[in-house]
Amino acid sequence: MLPRELERVIQLTATHHRWRREESINLIASENVMSPLAEAVYGTDLMSRYAEGRPYKRYYQGTKYVDELEILTMDLMNRLTSSKYCDVRPISGTIANAAVFRVLAEPGEQAAIAPVQAGAHVSHTKFGTLGALGIRQVELPYDRERMNVDIEGARKVIEKVKPKFVVLGGSLYLFPHPAKEIAEAAHSVGARLVYDAAHVYGLIVGGVWSNPLEEGADFLTASTHKTFPGPQGGVLFTNDESLYKPVSHTIFPWFLSNHHLHRLPSTAVTALEMLEFGRQYAFQVTKNAKALASALVSMGFKVVGENQGYTMSHQVAVDVTSQGGGARCAKTLEEANIIVNKNLLPEDPPEKVSDPSGLRLGVQEMTRYGMREGDMEELASLFKELLIDRKDPAMVKSKVLELRKSFLSVKYTFDVKLPDTLTPLLNMT
Ligand SMILES: *Cc1c(COP(=O)(O)O)cnc(C)c1O
């Protein structure tokens with residue numbers, strides 16, 4: 001007799017897979033899908049192995065192919081990023097940040113971070129990784145008009161506090177932080193600039209968002225699964241060998257032992273896809289985000305960032321106060337199989353975290369499935385039916401199911417027939 005739970009595990013996995021892959025419209029800004037090719041090379045023996053240390057300097061036997069694979073992956077990621085040094089071992093963006101922060105400052109020293117209103121991630125703050133490392137946080141001032149770091153104010157704070165490093169980059173991230181100006185201010189007091197591109201790394205390598213390493217950032221950290229459509233993981237880059245060495249010599253054993261080796265071939269495949277199709281993809285992502293923002297406005301929604309053209313990234317932030325608030329709207333949308341997250345808007349007080357004023361929408365995943373500007377208008381009208389006209393979500397859900405049928409295969413990838421032995425497990429729905 002097979003355990004009853006076994007059937008349930010398989011059923012839950014398959015049902016989730018079908019729901020999120022075939023029946024819903026995903027607009028979570030921090031997610032994406034890998035290509036079938038990247039997924040095929042994800043589910044192999046590599047998922048069961050260890051390779052502690054750096055390539056060709058391992059503590060384990062059995063890694064001769066892993067060594068070459070890891071070096072090849074790093075080379076491709078460096079080529080894509082126009083950088084000299086890279087480490088693909090961080091198993092998440094947060095771990096990449098931790099490795100860099102810990103090398104740049106000792107516990108008790110100070111770091112200056114972008115204001116929370118300008119999108120700073122929890123890992124940059126005293127409540128997250130920075131705090132766990134015992135590094136003290138100084139917040140840079142906020143420019144409400146530009147929804148960004150206040151450059152003049154930041155310069156003054158940096159000159160006064162002389163932090164060990166400054167962190168830019170955000171999670172609700174519509175407009176680029178001023179990396180060039182802040183790098184100059186940081187360097188003038190001997191501080192380093194860390195640019196956390198978790199959300200926008202795919203846009204940077206696709207050429208629609210400026211490359212912070214070229215603007216003076218000392219480190220670029222990122223997740224490999226947001227606008228960069230690879231496996232869940234992290235990565236860090238620098239052009240400075242004297243900064244690279246201490247990070248690459250301490251990330252193991254300080255922040256990980258196993259670095260989840262099955263990420264390597266999938267990251268490499270995704271890097272090759274981005275080298276080939278990244279411009280097309282990233283350009284379409286930003287066109288779609290702008291199109292979604294304008295369509296929502298024309299249907300009566302209040303979209304954040306009006307005085308600056310709403311967005312320059314993959315994200316759109318909507319103020320849904322008049323539609324019942326972020327929590328209620330996100331739930332209603334889910335009832336119709338449109339998946340979004342509620343989000344604090346820049347002017348929200350932190351106490352509103354469980355019922356914030358906003359929704360954060362990201363168009364990167366649906367762009368991968370082939371959506372274009374006209375489809376953004378269709379999406380916006382579904383939002384109107386649900387949140388303004390208050391139509392029955394069950395009725396709107398049938399329209400979502402119908403719409404999704406035209407967007408089931410991932411574009412921006414190589415046209416290859418996959419060998420059967422590499423077919424991913426999850427295709428057994
Ligand atoms: C998502 C995010 C991270 C964390 O990434 P994980 O890969 O989930 O650890 C770090 N920084 C920013 C700005 C993010 O948005």
Side-chain angles (χ1 to χ4, degrees), residues 26-34 77 86-102 104 111-133 135 137 139-140 147-149 165-177 179 182 193-204 209 212 217 219-237 251 254-256 259-260 263 266-267 270 285 289 311-317 340-346 353 358 360-362 364-365:
N26 189 39
L27 299 174
I28 303 278
S30 55
E31 296 179 353
N32 215 320
V33 278
M34 288 195 272
M77 293 297 272
C86 156
D87 202 314
V88 291
R89 286 174 297 166
I91 55 168
S92 80
T94 299
I95 296 295
N97 282 345
V100 168
F101 294 173
R102 179 62 186 84
L104 293 180
I113 67 165
V116 169
Q117 297 101 309
H121 186 251
V122 65
S123 65
H124 308 170
T125 73
K126 60 186 175 193
F127 306 109
T129 309
L130 197 79
L133 294 170
I135 301 168
Q137 157 192 328
E139 206 171 322
L140 297 175
M147 293 181 62
N148 212 319
V149 179
F165 64 91
V166 183
V167 188
L168 294 180
S171 294
L172 177 64
Y173 202 23
L174 303 169
F175 309 107
H177 289 165
I182 300 299
L193 175 62
V194 182
Y195 190 105
D196 178 350
H199 264 273
V200 293
Y201 178 58
L203 304 181
I204 291 170
W209 192 275
F219 276 105
L220 173 62
T221 60
S223 302
T224 52
H225 52 266
K226 296 186 182 179
T227 53
F228 182 84
Q232 290 192 326
V235 63
L236 61 90
F237 302 93
I251 185 159
W254 278 357
F255 295 103
L256 49 86
H259 54 290
H260 301 183
R263 297 187 300 118
S266 304
T267 305
T270 310
V285 165
T311 181
M312 289 172 69
S313 72
H314 58 303
Q315 299 183 5
V316 175
V340 308
N341 65 275
K342 59 180 186 237
N343 216 96
L344 284 172
L345 294 179
V353 67
R360 184 183 67 167
L361 316 177
Q364 69 295 332
E365 180 166 331

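Note that ligands are numbered from 1 as they come in the structure, with each ligand's atoms numbered from 1 the same way.
- Rounding to the nearest 0.5 Å gives a distance of 13.5 Å between OH of Tyr173 and NE2 of His121.
- Ligand 1 does not have Gln232 within reach: every non-hydrogen atom of the residue lies 4.0 Å or more from it.
- Among Leu130, Thr94, Asp196, the one residue that satisfies the side chain to side chain contact (heavy atoms under 4.5 Å, CB included) test with His124 is Asp196.
- In terms of protein heavy-atom proximity, atom 6 (P) of ligand 1 is closest to Gly93 N, 3.5 Å.
- Residues Thr129 and Asn97 bring no donor and acceptor atom of their side chains to less than 3.5 Å of each other.
- Under a cut-off of 6.0 angstrom, the local environment of CD in Gln137 is crowded, with over 12 non-hydrogen atoms contributed by other residues, nucleotides or ligands.
- Atom CG of residue Asn32 and atom CZ of residue Phe228 lie 10.0 Å apart, to the nearest 0.5 angstrom.
- Side chain of Thr125 to main chain of Val122: a donor-acceptor pair is present (N/O by atom type, distance under 3.5 Å, no hydrogens or angles).
- Contacts of Ala198 with ligand 1, taken as heavy-atom pairs under 4.0 Å, involve the side chain alone.
- Between Thr227 and Trp209 there is no side-chain heavy-atom pair separated by less than 4.5 Å.
- Not one N or O of Ser123 is nearer than 3.5 Å to an N or O of ligand 1, by distance alone.
- The heavy atom nearest to atom 13 (C) of ligand 1, out of those in Ser92, Gly170, Ala222, is found in Gly170.
- Within the listing of ligand 1, atoms 5 (O), 6 (P), 7 (O) sit less than 4.0 angstrom from a heavy atom of Ser223.
- The protein non-hydrogen atom at the shortest distance from atom 14 (C) of ligand 1 is Lys226 NZ, 3.0 Å.
- One distance of note links CD of Glu139 with CD of Gln117; it measures 6.0 Å at 0.5 Å rounding.
- Counting protein heavy atoms only, atom 11 (N) of ligand 1 is closest to Asp196 OD2, 2.5 Å.
- Heavy-atom proximity to His199, at under 4.0 Å, picks out these atoms of ligand 1: 15 (O).
- Proximity of Gly169 to ligand 1 is not established, as no heavy-atom distance is less than 4.0 Å.
- If you check which protein heavy atom lies closest to atom 8 (O) of ligand 1, you get His225 NE2, 4.2 Å.
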